[in-house]
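A short write-up of the structure that comes next.
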Amino acid sequence: MKSTDPATGLVQVFVTVTGKVIDVSGRFPKTASSVGPVQIAGLGPNATVARTNALSKAAETAARQLSDELNAKGFHYNFDGYTVGRLEK
């Protein structure tokens, strides 16, 4: 949905993001972390730029929340795609 931001006059677009990280290290998969739905607004001179800005902010917000939750639960992860698991205490 697009609208005009009254303060700046720029086009404003809202996007909604959800995300989930599944832990498949055990016998049965389980949700390790999840986020959303989170609604984020983006501004731009046209709808395409506003949507791109909103998606960029939404992705960063969701990734940060997923990462924070995984850290709080003691998961160790590496973005090489191979190293994921709980830290041993």
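Just so it is clear, the structure is predicted and the values come from calculations on it, not from any experiment.
Nearest heavy-atom pair, G9 versus T4, reported as atom, atom and distance to 0.1 Å: O-CG2, 3.6 Å. In terms of heavy-atom proximity, T18 sits nearest to P37 at CG2-CA, 3.5 Å. Nearest heavy atom pair, residue A32 against residue L70, reads CB-CD2, 3.8 Å.
Atom CG of N71 sits about 10.5 Å away from atom CD of E69, to the nearest 0.5 Å. In this structure, OG in S34 is found 7.5 Å from CG in L66, a value given to the nearest 0.5 Å.
A side-chain donor-acceptor contact under 3.5 Å links T8 and D5.
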Scan the side chains in residues 38-49 for donor-acceptor partners under 3.5 Å anywhere in the protein, sequence neighbours excluded, and list what turns up.
| from | atom 1 | to | atom 2 | distance (Å) |
| --- | --- | --- | --- | --- |
| N46 | OD1 | T48 | N | 3.1 |
| N46 | OD1 | V49 | N | 2.9 |

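For T31, there are no side chain to side chain donor-acceptor pair (under 3.5 Å) partners, not counting sequence neighbours.
In this structure, T61 and V17 have side chains that are not in contact, with every pair of non-hydrogen atoms separated by 4.5 Å or more.
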